[in-house]
Amino acid sequence: MKRSSLLVTFALFAHVLAGVVGDRLTVLRSPQYVHFREGQWPLSGEKVPDLVSLTMGFSVPEDLDWPGLAAGSLFQRPRANVVIVVRGVGSLDLPSNISSYPLENPVPFTLDSVANTIHTLFAESTPVVLQLAPSQERLYMMGMANTVFEDLPVTLQQIRSRLSQDGSVLHTLPLHSLSRNNEADLLFLSEIQVLHDICALLLRHKHLARDQAPDLFSLELSGLEEIGHRYGTDSPQFQDAAKILAAALQKFADDVSGVYGNNAVVEVVTVKTFEVVLTRKSRSILETQQMTNPGSPYNLAYKYNFDYAVIFNIVLWLMIVMALAIIVIAYNLWNMDPGYDSIIYRMTNQKIRMD
């Protein structure tokens, strides 16, 4: 009996420990009208873009069956949403009074669907959309982001040059065991510099935070992952870097929330490693060489549009109504008596009789 109780206790402890040290979705800042419930409800990694869309008041193709997000206000939407993906660590030492949830199936995701929604709904306004991954030198800007972040260093060479200029984070950060001469350390410090420069540029363009168009920011940081590969996750360098990153993220969230008047949602996704989706591909020896999509050299299908069902029903029922209307009109014309049903023939007959 004692042994079974001990096993149950150990299993519960392992479950709680996995929820604490595993991959996490942490909400650093959110307005009062965007309410995240307290609890340990797991969220699938592929549903993060849907969660971002719902927090911004947009609709999603499929309902998000996740109790962590309560129903929001119909008359208010956040002015900005910031998603920061930190690779190489399952969790960071962030404040305990913020909302945090386990992350399941941490697959790579993008916020392209959210950016397209903003571009479609607010094409005539001035939204700021920025998606940046410094380590991969991947950058996407839309709307007023081309004006706001035109001076932002985006390539690794530009960021490292920025580290040697005035106002660099190297003069304010407690580096401790980190070195300025190591590639992995410089990559991590470069990402901290990018966070600092983004806040500085937003503070310089505060007027863009007062318009009606919501803004979207997506950042992917992998410098901590490189430090873990270089020194190990138990090394002093990794521990110091994790503390620096946690403090930088908290300051970044405070600055962004201040720029947008506490009307911004800031989420941090910490992922130890991304799961690669494995698919098994097969090819038949009878496969035809005719391409179903001439515009694609890889014989890919056409991109599916979620409005296809709506457009199909509109066209289908419109054609049915028009066909029925033509049949009814043709039937009435065929059975019409020109002498009684047509005013033209009736007046003509009266005129003939009078003459």
Side-chain angles (χ1 to χ4, degrees), residues 23-37 39 41-85 98-133 138 140-145 208-209 211-220 253 256-257 260 262-271 274 303-311:
D23 302 331
R24 308 289 295 180
L25 168 68
T26 305
V27 183
L28 288 180
R29 294 291 182 273
S30 65
Q32 296 181 353
Y33 47 84
V34 180
H35 180 61
F36 288 89
R37 295 191 178 101
W41 297 290
L43 177 67
S44 178
E46 60 186 6
K47 295 297 183 181
V48 173
D50 292 344
L51 176 63
V52 175
S53 295
L54 291 177
T55 57
M56 301 187 72
F58 303 145
S59 60
V60 294
E62 299 180 1
D63 294 336
L64 180 63
D65 188 15
W66 186 63
L69 180 63
S73 174
L74 296 176
F75 307 101
Q76 290 179 302
R77 77 166 71 240
R79 294 181 181 176
N81 196 304
V82 183
V83 179
I84 305 174
V85 179
I98 58 180
S99 302
S100 182
Y101 308 94
L103 191 68
E104 291 184 344
N105 189 26
V107 296
F109 63 88
T110 63
L111 300 182
D112 293 342
S113 59
V114 187
N116 293 334
T117 301
I118 294 176
H119 179 69
T120 303
L121 297 179
F122 302 93
E124 299 180 356
S125 301
T126 56
V128 177
V129 177
L130 172 66
Q131 300 187 51
L132 176 62
R138 187 174 71 248
Y140 172 76
M141 293 190 296
M142 185 181 71
M144 291 301 297
L208 294 176
D211 58 6
Q212 299 298 323
D215 301 333
L216 178 66
F217 302 88
S218 174
L219 307 174
E220 183 176 335
V256 171
S257 181
Y260 288 93
N262 297 325
N263 287 308
V265 181
V266 182
E267 301 113 330
V268 175
V269 177
T270 52
V271 178
F274 276 120
K303 186 177 180 181
Y304 179 77
N305 190 348
F306 289 103
D307 296 332
Y308 172 79
V310 178
I311 298 175

Stepwise side chain to side chain contact (heavy atoms under 4.5 Å, CB included) check, Leu43 with Glu104:
CA-CA 6 Å; Leu43 177 67; Glu104 291 184 344; over 6 Å; no
Whether Trp66 and Tyr101 hold their rings parallel, tilted or perpendicular, with breakpoints at 30° and 60°
perpendicular
Could you check if a side-chain atom of [X] sits within less than 4.5 angstrom of a side-chain atom of [Y], using non-hydrogen atoms only?
{"X": "Phe217", "Y": "Val83", "result": "no"}
{"X": "Leu64", "Y": "Lys47", "result": "yes"}
{"X": "Pro31", "Y": "Asn262", "result": "no"}
{"X": "Leu103", "Y": "Val48", "result": "yes"}

Heavy atoms only: give me the nearest [X]-[Y] pair and the separation to one decimal.
{"X": "Pro214", "Y": "Ile118", "value": "O-CG2, 3.8 Å"}
{"X": "Pro102", "Y": "Trp41", "value": "CD-O, 3.7 Å"}
{"X": "Ala264", "Y": "Ser257", "value": "CB-CA, 4.4 Å"}
{"X": "Leu216", "Y": "Ala115", "value": "CD2-N, 3.9 Å"}

Return the set of residues passing side-chain hydrogen bond (donor to acceptor under 3.5 Å, both in side chains) with Arg79 (not counting sequence neighbours), or none when no residue passes.
none
Please name all residues satisfying side-chain hydrogen bond (donor to acceptor under 3.5 Å, both in side chains) with Tyr33, sequence neighbours left out, ordered by chain then number.
Asn263
Can you list the steps and then say if Tyr140 with Leu130 is a side chain to side chain contact (heavy atoms under 4.5 Å, CB included)?
CA-CA 6 Å; Tyr140 172 76; Leu130 172 66; over 6 Å; no
Donor-acceptor pairs are to be reported for all side-chain atoms of residues 49-58 against protein atoms at under 3.5 Å, with residues two or more places apart or in another chain.
unit_1	atom_1	unit_2	atom_2	d
Ser53	OG	Pro49	O	3.1
Thr55	OG1	Leu51	O	3.3
Thr55	OG1	Val52	O	2.7
Thr55	OG1	Asn81	ND2	2.9

Residues forming a side-chain contact (heavy atoms from CB on, under 4.5 Å) with His35, sequence neighbours excluded
Arg37, Ala70
Set of side-chain contact (heavy atoms from CB on, under 4.5 Å) partners for Ala133, sequence neighbours left out:
Gln136, Arg138, Glu220
Thr120 side chain vs Asn116 backbone, donor-acceptor pair below 3.5 Å
yes
Is there a donor-acceptor contact under 3.5 Å linking the side chains of Arg24 and Ser100?
yes
Starting at [atom1] of [X], measure out to [atom2] of [Y] and round the result to the nearest 0.5 Å.
{"X": "Glu267", "Y": "Leu25", "atom1": "CD", "atom2": "CG", "result": "6.5 Å"}
{"X": "Thr26", "Y": "Ile84", "atom1": "OG1", "atom2": "CD1", "result": "11.0 Å"}
{"X": "Ser44", "Y": "Asp65", "atom1": "OG", "atom2": "CG", "result": "12.0 Å"}

Return each pair, listed once, that meets salt bridge (charged side-chain N to carboxylate O under 4.0 Å, His left out) where at least one residue sits in residues 106-122; pairs must be two or more places apart or across chains.
none
